[in-house]
Amino acid sequence: MPFKTKAIRNRARRRIAQRVRAGEPCCLCGQPIDLSIAYPDPWSFTVEHTTPTSRGGTDDYEGLAPAHNRCNRARSNGPSGTVGRNSGSLGPLGGAPKGGPLPDLSWHRDIPGAPNTPGRRL
């Protein structure tokens, strides 16, 4: 468990979920996060430590960001910036550059558990 206690983890999840409700996307792929998708689905919401705890990161609010479970797992404990739009390790859903259009996601309409986020063509 990356958080020291369950209470710290739960408090962090609530605070970061507020940022997702305000429109903040996944910090790794830049795609919207659907809070209604339950964990452990690959598209579910998780809290990402921007600096992994194994590399000296802390549970401070400033060091946390929203991420998809899939993106968070792909990054693992790599240093910041090792996964996301430029690395290709997230596959075809690497995301659009910030401020750019969303990519065409119609290819994954038949994948079980794929997100059904408003505004996407599925």
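These numbers come from a predicted model, not from an experiment.
- Scanning all heavy atoms of the two residues, the minimum distance from Asn77 to Ser54 falls at ND2-OG, 3.1 Å.
- Judged by the 6.0 Å distance and 45° axis criteria, Arg73 is not positioned over the aromatic ring of Tyr39.
- Remark: side-chain polar atoms of Asp41 are paired, donor with acceptor, to backbone N or O of Trp43 under 3.5 angstrom.
- Note: Arg9 CZ to Thr46 OG1 = 12.0 Å, rounded to the nearest 0.5 Å.
- Nearest heavy-atom pair, Ala67 versus Cys26, reported as atom, atom and distance to 0.1 Å: CA-SG, 3.6 Å.
- Listed here is the closest heavy atom pair of His68 and Pro42: CB-O, 3.9 Å.
- Evaluated for a side-chain contact (heavy atoms from CB on, under 4.5 Å) with Leu64, the options Arg15, Arg13, His49 yield exactly one hit, His49.
- Note that CZ of Arg19 is 4.5 Å distant from OH of Tyr61, once rounded to the nearest 0.5 Å.
- Taking both residues in full, the closest heavy atoms of Pro66 and Ile33 are given as CB-CD1, 3.7 Å, listed atom of the first, atom of the second, then distance.
- Between atom CG of residue Asp59 and atom CD1 of residue Ile8 there is a gap of 5.5 Å, rounded to the nearest 0.5 Å.
- Scanning all heavy atoms of the two residues, the minimum distance from Pro40 to Ser44 falls at C-OG, 4.1 Å.
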